[in-house]
Amino acid sequence: MIKTFLIVFSCFAVFMMGVFGFKDNKFRDTPIRLFPDMDEMDRVNSQSPSDLFENGRGSRPLVPGTVVNSSDESLYSLDFGAGRVGYYYTGRFEDFYGKGLPKELELNEKSAEAFLNRGQERYGIYCAVCHGETGNGEGVTSKYGIVGIANLHAPNYAADQYPEGRLYDVITNGKGNMSGYGYNIPVDDRWAIVAYVRALQNAKSIPSEELSK
Ligand code: HEC
């Protein structure tokens with residue numbers, strides 16, 4: 001009895017799919033939605049026309065005189081270093097990648113900790129999605145099809161093989177499938193990330209007994 005029911009039911013399901021297709025497959029009309037889930041909304045896609053405005057443009061220009069409204073002074077003077085030369089801006093001395101952090105960062109014992117914390121935070125925002133919180137290359141995107149993400153703990157990225165200037169350069173200009181962040185992350189923050197990547201690499205080589213002391 002159950003068997004017959006299942007067979008009839010499956011045939012019916014296949015028949016219905018054959019006639020009506022899957023969602024959005026066969027009909028161009030708006031389907032009847034029992035649970036609309038915000039599938040359809042009144043909105044203007046960016047860069048597309050709209051009848052609502054007289055000149056027909058969906059995108060509205062900024063009101064004249066608009067300025068950044070923030071008490072964060074640093075927003076007005078972010079330095080992305082485009083087109084600048086020197087180790088601080090490029091990670092290179094002439095044709096060679098440099099080692100160490102540039103003196104322009106003016107790091108001292110007091111500021112170093114805040115600098116590293118900043119690096120950790122920025123790494124979490126910009127890098128961890130791909131390289132993972134620990135740098136092992138298994139961030140969340142690796143589970144959704146981004147392949148070949150570098151494991152930053154591989155020996156060829158260690159300090160003796162891969163100088164700080166080169167790390168900085170990869171963050172700035174990207175490499176292969178990784179795009180550059182030179183236009184998104186200010187110079188100082190890129191160096192802070194460099195420092196944090198080193199910290200991650202060093203942390204990996206500390207034996208766990210040492211850590212629990
Ligand atoms: C969208 C994913 C993605 C993000 C975000 C990302 N990377 Fe990558 N990264 C990759 C991939 C993929 C590679 C391998 C590139 C290749 O060799 O083709 C790579 C390679 C690298 C390498 C090795 C380059 C070499 O010389 O082999 C370093 C170092 C690196 N990334 C650091 C970072 C840092 C630091 C950040 C954060 C500012 C970051 N990445 C953000 C995907 C990403």
Side-chain angles (χ1 to χ4, degrees), residues 46-47 68 70 72-109 111-207 211:
S46 57
Q47 310 281 332
V68 184
S70 168
D72 184 354
E73 289 279 318
S74 65
L75 275 182
Y76 299 93
S77 57
L78 290 180
D79 184 3
F80 292 91
R84 306 289 294 273
V85 291
Y87 183 54
Y88 174 63
Y89 288 111
T90 62
R92 293 163 181 266
F93 293 106
E94 306 283 329
D95 288 342
F96 299 95
Y97 293 116
K99 276 181 94 52
L101 297 172
K103 59 180 181 337
E104 284 85 346
L105 296 169
E106 295 175 359
L107 290 178
N108 54 40
E109 277 185 22
S111 63
E113 190 180 340
F115 184 70
L116 208 52
N117 287 341
R118 175 81 180 171
Q120 176 175 30
E121 183 199 58
R122 299 288 114 176
Y123 178 91
I125 293 170
Y126 292 106
C127 321
V129 282
C130 290
H131 290 281
E133 292 287 341
T134 64
N136 64 1
E138 296 172 17
V140 64
T141 57
S142 69
K143 299 179 180 56
Y144 294 94
I146 294 200
V147 288
I149 301 173
N151 171 2
L152 302 177
H153 298 290
N156 51 325
Y157 301 125
D160 53 348
Q161 308 262 333
Y162 204 95
E164 283 74 27
R166 191 165 172 195
L167 270 175
Y168 175 89
D169 179 65
V170 167
I171 300 174
T172 308
N173 299 311
K175 176 178 183 257
N177 287 336
M178 175 182 152
S179 51
Y181 288 83
Y183 292 101
N184 309 82
I185 310 178
V187 175
D188 280 4
D189 283 347
R190 273 178 256 161
W191 284 111
I193 293 174
V194 168
Y196 183 67
V197 168
R198 283 287 178 250
L200 279 177
Q201 291 171 332
N202 292 337
K204 182 104 195 294
S205 58
I206 299 174
L211 287 176

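First listed ligand is number 1; within each ligand, the first listed atom is number 1. Any value given below was found using the heavy atoms of this structure, including those in side chains, with hydrogens, waters and symmetry copies removed.
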Q: Give the atoms of ligand 1, by number and element, whose distance to some non-hydrogen atom of I171 is under 4.0 Å.
A: 35 (C), 38 (C)

Q | Protein contact of atom 32 (C) of ligand 1 - nearest heavy atom, named by residue and atom, plus distance | A | H131 NE2, 3.7 Å

**Q.** Between N108 and S111, a side-chain donor and acceptor under 3.5 Å
**A.** yes

**Q.** Contact (N/O only, under 3.5 Å) between K175 and ligand 1
**A.** yes

Q | I171 vs V194 side-chain heavy atoms within contact, under 4.5 Å | A | yes

Q | Candidates T90, D169, V170, L167 - the one meeting side-chain contact (heavy atoms from CB on, under 4.5 Å) with Y97 | A | D169

Q) Under 4.0 Å from any heavy atom of G176, which atoms of ligand 1 are there? A) 18 (O)

Q: Return yes or no for this condition: an N or O of Y123 is under 3.5 Å from an N or O of ligand 1.
A: no

Q: List the closest protein heavy-atom neighbour of atom 29 (C) of ligand 1: residue, atom name, distance to the nearest 0.1 Å.
A: L167 CD2, 3.4 Å

Q: Supply the atom-to-atom distance R198 CZ to L116 CG, rounded to the nearest 0.5 angstrom.
A: 12.5 Å

Q.
Does any part of the side chain of L101, heavy atoms only, come nearer than 4.5 Å to the side chain of L107, both counted from C-beta?
A. yes

Q: Among all protein heavy atoms, pick the one closest to atom 5 (C) of ligand 1 and tell me residue, atom and distance.
A: Y181 OH, 2.9 Å

**Q.** Positive for ring-ring contact (aromatic ring centres under 6.0 Å, His included) with W191, one of Y196, Y89, Y168
**A.** Y168

Q: Please write down residue, atom name and distance for the protein heavy atom closest to atom 10 (C) of ligand 1.
A: M178 CB, 3.4 Å

Q: Identify, for atom 20 (C) of ligand 1, the protein heavy atom at the shortest distance, and state residue, atom and that distance.
A: A150 CB, 3.6 Å

Q: Please confirm whether the backbone N or O of I185 pairs with a side-chain atom of R190, one donor and one acceptor, at under 3.5 Å?
A: yes

Q: Quick one: sort the Y162 and Y157 rings into parallel, tilted or perpendicular, breaks at 30° and 60°.
A: perpendicular

**Q.** Over all atoms of both residues, closest heavy-atom pair of K99 and D160
**A.** NZ-CA, 4.4 Å

Q) Judging by distance only, is a nitrogen or oxygen of Y126 under 3.5 angstrom from one on ligand 1? A) no

Q) In terms of residue, atom name and distance, what is the protein heavy atom nearest to atom 14 (C) of ligand 1? A) G148 O, 3.2 Å

**Q.** Those atoms of ligand 1 less than 4.0 Å from some heavy atom in Y162
**A.** 23 (C), 24 (C), 25 (C), 26 (O)

Q. Looking only at N/O atoms, are T141 and ligand 1 under 3.5 Å apart anywhere?
A. no

Q. Aromatic rings Y181 and Y126: how do their planes relate, parallel, tilted or perpendicular, breaks at 30° and 60°?
A. perpendicular

Q: Specify the protein heavy atom at minimum distance from atom 34 (C) of ligand 1: its residue, its atom name, and the distance to 0.1 Å.
A: C127 SG, 3.5 Å

Q. What protein heavy atom sits nearest atom 2 (C) of ligand 1, and how far away is it?
A. C130 SG, 1.8 Å

Q.
Need the ligand 1 atom indices (1-based, order shown) with element for anything under 4.0 Å from a heavy-atom of I193.
A. 35 (C)

Q. Which ligand 1 atoms does L152 reach within 4.0 Å, using its non-hydrogen atoms?
A. 28 (C), 29 (C), 30 (C)

